[in-house]
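Throughout, protein chains are lettered first and strands after them, A, B, ... in sequence-line order, and every chain is numbered starting at 1.
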Number of protein chains: 2
Amino acid sequence: MKPAELTDTEQRIKQAARQVFLRRGLDGARMQDIADEAKVDKALVHYYFRSKDKLFAIVFEEMAGRFLGQIGRVLTADVSFPEKIRLLVQHDTSMADDFPLVANFIMTELNQSQHRTNQPLTIRPLHDVQKLFVEQVNTAIEAGLIRPLNPVQLFVSLISLSLFPLVAQSLIQAILGLDGVQYQTMLTERTRSLPDFINQAIAP
Amino acid sequence: MKPAELTDTEQRIKQAARQVFLRRGLDGARMQDIADEAKVDKALVHYYFRSKDKLFAIVFEEMAGRFLGQIGRVLTADVSFPEKIRLLVQHDTSMADDFPLVANFIMTELNQSQHRTNQPLTIRPLHDVQKLFVEQVNTAIEAGLIRPLNPVQLFVSLISLSLFPLVAQSLIQAILGLDGVQYQTMLTERTRSLPDFINQAIAP
DNA sequence: AAATAGTTTTACCATTTGGTAAAACTATTT
DNA sequence: AAATAGTTTTACCAAATGGTAAAACTATTT
């Protein structure tokens with residue numbers, strides 16, 4: 001009988017797959033690499049997950065779920081607006097190390113899946129989160145805390161300002177000619193200065 | 001003797017490679033697909049470009065160059081600051097159709113190249129552009145047009161706000177549960193509202 | 001027109017890669 | 001302990017894929 005909890009082996013394989021897919025993408029990942037990373041035979045990977053696509057779908061769904069969960073939690077946190085913004089801006093340090101990698105990964109694979117023949121990847125929309133966020137924004141507007149603006153636009157602006165510097169690290173580094181250390185310094189300063197930027201942008 | 005200008009065939013292959021690499025990435029692209037797209041035999045692709053990696057390097061470099069050129073031109077345009085911001089925000093419509101795809105592509109492959117064994121992809125930093133932009137910001141600050149802020153941080157904020165909604169279209173669509181048409185509508189409204197957002201954020 | 005140089009096609013190949021059948025092994029049930 | 005079910009390893013394979021040698025063809029030069 002199949003136990004409710006996953007085998008140790010099965011877990012190790014999934015964890016390994018996560019790492020390899022994250023680094024190399026669906027096309028770049030090799031089943032052998034995943035097996036090596038998990039220290040099991042390649043046939044075992046197929047035994048547990050049947051095919052590369054199936055394994056990928058599972059891993060992707062889980063990652064996307066966790067990712068959206070993190071974003072959602074911050075967006076709907078029951079704190080004052082300025083505080084929420086600080087939370088959002090700072091989640092790069094507080095969150096998992098591989099957060100940028102995960103964000104980039106999801107973006108890339110979502111895009112690619114549109115071009116692939118196989119069934120497109122989907123992620124569950126944050127309907128409830130979005131609704132809650134919109135309400136909070138509208139309340140803040142009515143209370144005169146922030147100026148009237150479209151909550152969806154604000155949402156997009158906020159995640160743009162907080163996510164892009166993480167997701168596009170390699171690109172921005174290349175443009176500005178910074179190394180990794182310099183970039184981290186920039187990000188640290190950014191954590192301090194960005195809330196002001198945003199708060200002033202939305203002030204009445 | 002090799003003519004200075006590229007053969008028609010050679011051009012077609014490069015153009016085809018651009019499209020295929022853009023859609024599928026380095027790992028996902030097949031030499032056969034490129035050949036088909038260019039309507040030539042696969043052997044010809046190798047005849048002109050030797051290997052997949054070489055072809056990719058050439059295509060990538062050209063794309064990155066054009067991409068940075070576009071950004072650079074907007075950033076250093078000799079116009080007033082509010083006007084420059086409008087330019088930056090609107091470049092999504094004025095620029096090539098595949099601008100988001102290109103941005104995403106460059107980001108992804110830059111990231112991946114860090115994980116690959118072969119030589120990392122590099123793009124020429126926008127040193128001169130950056131310098132010019134920093135000067136313009138400082139001038140605007142001294143003139144009291146905008147409040148004092150770190151030009152690099154402003155730079156990052158500006159490209160975050162303008163690029164991310166393009167690059168992360170698939171992700172944001174998924175989060176908000178929007179279809180392509182709804183997203184375009186949102187982007188159009190954004191073109192109007194974003195300059196205000198930015199201008200207020202940087203107002204003295 | 002003969003020779004040369006450049007281009008395109010044909011016909012391959014060596015490797016890599018996702019995948020599998022079946023043997024071997026281990027735990028669990030009867 | 002025999003049988004059964006689940007797990008791991010072994011030994012493969014078919015297809016895909018990047019790449020190439022050489023033939024065939026075309027334009028250019030001598």
Participant: What does B:A35 touch in the nucleic acid at a heavy-atom separation under 4.0 angstrom: a base, only the sugar-phosphate, or nothing?
Facilitator: nothing
Participant: Determine whether a donor-acceptor pair (N or O, by modelled atom type, separation under 3.5 Å) exists between the side chain of A:Q200 and the backbone of B:Q200.
Facilitator: yes
Participant: Starting the side chain at C-beta, find the nucleotide from D:dG6, D:dT9, C:dG18 nearest to A:K52.
Facilitator: C:dG18
Participant: Rounded to whole angstrom units, what separation is found between the CG atom of B:L44 and the C1' atom of D:dT26?
Facilitator: 13 Å
Participant: My understanding is that a pair needs two contacts under 3.5 Å, Watson-Crick or G-U wobble. By that rule, which nucleotide pairs with C:dT29?
Facilitator: D:dA2
Participant: Indicate yes or no: at least one non-hydrogen side-chain atom of B:E37 is less than 4.5 angstrom from one of B:I13.
Facilitator: no
Participant: Round to the nearest Å and state the distance from B:K39 atom NZ to C:dT9 atom C1'.
Facilitator: 18 Å
Participant: Over how many whole Å does the gap from A:Q32 atom CD to C:dT15 atom P extend?
Facilitator: 17 Å
Participant: When the distance from CG of A:D8 to C1' of D:dT8 is rounded to whole Å, what number comes out?
Facilitator: 14 Å
Participant: Looking at the rings of B:F99 and B:F67, which for Trp means the six-membered one, are their centres under 6.0 Å apart?
Facilitator: yes
Participant: NZ of A:K42 versus P of C:dT20: gap in Å, rounded?
Facilitator: 10 Å
Participant: Checking base pairs now: Watson-Crick or wobble, both atom distances under 3.5 Å. What partners C:dA24?
Facilitator: D:dT7
Participant: Heavy-atom nearest nucleotide on DNA chain D for B:R50 versus A:Y48: which residue maps closer to 5'?
Facilitator: A:Y48
Participant: Let's see if you can work this out: which of C:dT9, C:dG6, D:dT10 has an atom nearest to the side-chain heavy atoms of B:Y47?
Facilitator: C:dG6
Participant: Check the surroundings of atom CZ in A:R50: do more than 12 heavy atoms from other residues, nucleotides or ligands lie under 6.0 Å from it?
Facilitator: no
Participant: Expressed as a whole number of angstroms, how long is the span from A:M31:CE to D:dA14:P?
Facilitator: 20 Å
Participant: Expressed as a whole number of angstroms, how long is the span from A:D41:CG to C:dG18:C1'?
Facilitator: 13 Å
Participant: Is the phosphate of C:dG19, meaning OP1 or OP2, less than 4.0 Å from a side-chain N or O of A:H46?
Facilitator: yes
Participant: Determine whether more than 12 heavy atoms belonging to other residues, nucleotides or ligands lie under 6.0 Å from atom CZ of A:R124.
Facilitator: no
Participant: Between D:dT8 and A:T9, is there an OP1 or OP2 to side-chain N/O distance shorter than 4.0 Å?
Facilitator: yes
Participant: Looking only at the side chain of B:R30 (C-beta and beyond, no hydrogens), which of the listed nucleotides C:dG18, C:dT9, D:dT17 gets closest?
Facilitator: D:dT17
Participant: Which base sits across from D:dG18 as a Watson-Crick or G-U pair, both distances under 3.5 Å?
Facilitator: C:dC13
Participant: Once you round it to whole Å, what is the distance between P of C:dG18 and CG of A:D27?
Facilitator: 10 Å
